Amino acid sequence: MIHAIETSRLTKAYAGKTALDGLDLCIEPGEIFGFLGPNGAGKSTAIRLLLDLIRPTSGSARILGIDCHHQSPEARALTGYLPGDLRLWPGLRGHETIDLIASLRTRPIDPTYVHNLADRLTIDLNMRTRSYSKGNRQKLGIILALLDRPPVLLLDEPTSGLDPLVQRIVWEILGERAAVGTAVFFSSHVMSEVDQVCDRVGILRAGRLVAVEPVSALKGRSIRHVEVSFDGPVPPPEAVRLPGIRELRRDFATLEFEVSGEVDPLLKALGPYHVVDLRTEQPTLDEVLLGYYQEAGR
Ligand code: ADP
């Protein structure tokens with residue numbers, strides 16, 4: 001099977017300092033993949049290597065089976081790119097910018113599709129880009145990346161500078177592209193926004209991939225607090241001594257635990273007791289992400 005994006009031990013060092021360290025990734029057509037990490041983790045470096053804007057120190061990358069470095073024009077023709085530091089031609093109007101980029105692409109452009117994108121993102125393409133707000137510049141950048149409906153999208157922080165309503169529209173549009181087989185690879189430093197949209201996430205820390213999994217698995221493996229109230233004395237400590245479960249507090253009728261992973265073993269252990277209330281508090285995705293950074297740093 002040909003992967004949409006495949007990297008093999010992809011490594012980049014700048015002046016001897018490793019920015020990306022042996023990245024191995026496979027992303028399939030139709031998949032939305034969130035590439036997460038704090039600033040400086042190496043996300044943009046990975047995206048720039050995929051576009052052959054910089055050369056790897058070692059390792060390789062392929063887009064739909066085509067080598068990103070040795071066959072870069074062919075690989076780029078299959079790729080739509082939104083840079084993190086988008087630069088536009090200030091004197092050109094939105095639609096002139098679109099025409100310019102369209103003339104450089106090899107795949108056919110459907111004007112109806114482009115107008116539909118502009119309508120949904122609510123951007124006036126008659127204005128010169130110098131008078132665009134940050135949000136409008138980002139909207140135009142998104143249209144340019146999606147212009148010729150490429151099978152692979154590489155988007156560096158696509159929702160940055162957009163208000164929540166427009167962010168939702170962007171995710172909707174990207175979801176539609178994925179539904180017709182486009183692989184969407186985007187970077188982000190906030191996790192909350194990827195919750196609804198991603199199939200999988202990769203977490204990068206200091207150039208190293210520390211996890212690749214579905215968002216649900218990340219959440220499932222995180223630590224949560226569970227407080228249980230009983231209609232009488234609490235179970236003895238040995239009844240709730242279980243792997244992955246730590247007792248935090250014990251009152252006459254209340255127990256509080258820290259649970260890593262599923263709560264099922266705890267619920268089974270509580271089966272013989274009369275539980276009147278159970279409250280669980282799940283960490284936010286950003287807390288989960290922070291946990292990964294800290295764990296990997298130890
Ligand atoms: P991210 O996109 O996750 O914020 P980057 O890929 O931009 O991270 O940067 C990863 C590391 O590589 C950082 O330490 C950054 O300072 C360094 N770096 C990035 N580009 C260059 C460059 N052109 N020259 C030297 N160091 C660089």
Side-chain angles (χ1 to χ4, degrees), residues 4-27 31-63 68-69 72 75-76 79-88 134-135 137-138 141-142 144-145 152-162 167 170-171 174 183-195 197-198 200-213 215 218 285-298:
I5 301 171
E6 186 181 5
T7 69
S8 169
R9 310 300 306 147
L10 191 63
T11 300
K12 176 70 182 178
Y14 294 105
K17 189 170 168 282
T18 306
L20 191 69
D21 193 359
L23 180 71
D24 283 315
L25 263 187
C26 270
I27 291 149
E31 184 172 18
I32 302 187
F33 188 91
F35 200 42
L36 301 171
N39 290 330
K43 304 181 296 294
S44 303
T45 298
I47 291 179
R48 289 195 186 118
L49 286 166
L50 289 170
L51 288 155
D52 201 38
L53 298 175
I54 51 174
R55 309 285 122 73
T57 307
S58 60
S60 61
R62 290 176 175 270
I63 300 268
C68 293
H69 176 44
S72 76
R76 275 200 233 180
T79 311
Y81 172 48
L82 172 73
D85 55 346
L86 179 67
R87 293 201 197 123
L88 297 166
K134 184 170 182 332
R137 294 162 52 80
Q138 188 75 354
I142 289 167
L144 296 175
V152 174
L153 290 171
L154 301 179
L155 310 172
D156 203 342
E157 309 244 349
T159 56
S160 133
L162 299 178
Q167 285 185 9
V170 170
W171 292 128
L174 295 178
V184 181
F185 180 92
F186 74 94
S187 72
S188 176
H189 64 278
V190 284
M191 196 155 178
S192 36
E193 69 172 13
V194 306
D195 195 2
V197 290
C198 277
R200 285 187 304 154
V201 293
I203 298 178
L204 199 65
R205 186 192 173 277
R208 291 215 165 162
L209 199 61
V210 291
V212 181
E213 33 201 351
V215 177
L218 273 187
L285 276 170
D286 285 315
E287 283 166 340
V288 174
L289 190 59
L290 208 61
Y292 266 94
Y293 297 164
Q294 286 163 349
E295 238 172 71
R298 265 177 220 144

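Just so you know, ligand 1 is whichever comes first in the structure, and atom 1 is the first atom listed for that ligand. Only this structure's heavy atoms are used, side chains among them; waters, hydrogens and symmetry mates stay out. The structure displayed is predicted, hence computed values, not measured ones.
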Chemist: Do Y81 and L53 come close enough that some side-chain heavy atom pair is under 4.5 Å?
Modeler: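 They are in contact (side-chain heavy atoms under 4.5 Å apart), so the answer is yes.
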
Chemist: Provide, to 0.1 Å, the distance between atom 13 (C) of ligand 1 and the closest protein heavy atom, together with that atom's residue and name.
Modeler: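 That would be G40 O, 3.7 Å.
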
Chemist: Counting from 1, what ligand 1 atoms have a heavy atom of T45 closer than 4.0 Å?
Modeler: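 Answer for ligand 1: 5 (P), 6 (O), 9 (O), 10 (C).
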
Chemist: Can you tell me which residue and heavy atom of the protein come closest to atom 14 (O) of ligand 1, and the distance to 0.1 Å?
Modeler: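 That would be K17 NZ, 3.3 Å.
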
Chemist: For R76, which residues count as a side chain to side chain donor-acceptor pair (under 3.5 Å) partner, sequence neighbours excluded?
Modeler: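 By the side chain to side chain donor-acceptor pair (under 3.5 Å) rule, R76 matches no residue at all.
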
Chemist: May I ask you to identify the nearest protein heavy atom to atom 19 (C) of ligand 1, giving residue, atom name and distance to one decimal place in Å?
Modeler: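 Sorting protein heavy atoms by distance from atom 19 (C) of ligand 1 puts Y14 CE1, 3.4 Å first.
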
Chemist: If you measure from CZ on R200 to SG on C26, what distance do you get to the nearest 0.5 Å?
Modeler: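 SG of C26 is found 8.0 Å from CZ of R200.
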
Chemist: Assess G37 for proximity to ligand 1: is some non-hydrogen atom of it under 4.0 Å away?
Modeler: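 Under 4.0 Å: no for G37.
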
Chemist: Just to check, does P38 reach to within less than 4.0 Å of ligand 1 when the distance is taken from its heavy atoms?
Modeler: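 A heavy atom of P38 does come that close to ligand 1.
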
Chemist: N/O of N39 under 3.5 Å from N/O of ligand 1, yes or no?
Modeler: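 For ligand 1, there is no N or O atom that lies under 3.5 Å from one belonging to N39.
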
Chemist: Could you check if a side-chain atom of L82 sits within less than 4.5 angstrom of a side-chain atom of Q138, using non-hydrogen atoms only?
Modeler: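 The answer is yes; the side chains approach within 4.5 Å.
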
Chemist: Among residues at least two apart in sequence or on other chains, which ones pass side-chain contact (heavy atoms from CB on, under 4.5 Å) with A61?
Modeler: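 For A61 the side-chain contact (heavy atoms from CB on, under 4.5 Å) partners, ignoring immediate neighbours, are T7, L10, L50, C68.
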
Chemist: Near A41, which atoms of ligand 1 are under 4.0 Å from a heavy atom of that residue?
Modeler: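 Reading through ligand 1 atom by atom, the close ones are 1 (P), 3 (O), 8 (O).
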
Chemist: Right, does atom 7 (O) of ligand 1 have protein non-hydrogen atoms nearer than 4.0 Å?
Modeler: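 Protein heavy atoms within 4.0 Å of atom 7 (O) of ligand 1 - there is at least one.
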
Chemist: Looking at atom 12 (O) of ligand 1, what's its closest protein heavy atom, distance included?
Modeler: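 Scanning the protein heavy atoms, the shortest distance from atom 12 (O) of ligand 1 goes to A19 CB, 3.2 Å.
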
Chemist: Just verifying a value: how many Å separate L25 CG and I5 CD1, rounded to the nearest 0.5 Å?
Modeler: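 CD1 of I5 is found 8.0 Å from CG of L25.
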
Chemist: Between F35 and F185, what is the ring plane arrangement, given parallel below 30°, perpendicular above 60°, and tilted in between?
Modeler: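 Correct class here is tilted.
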
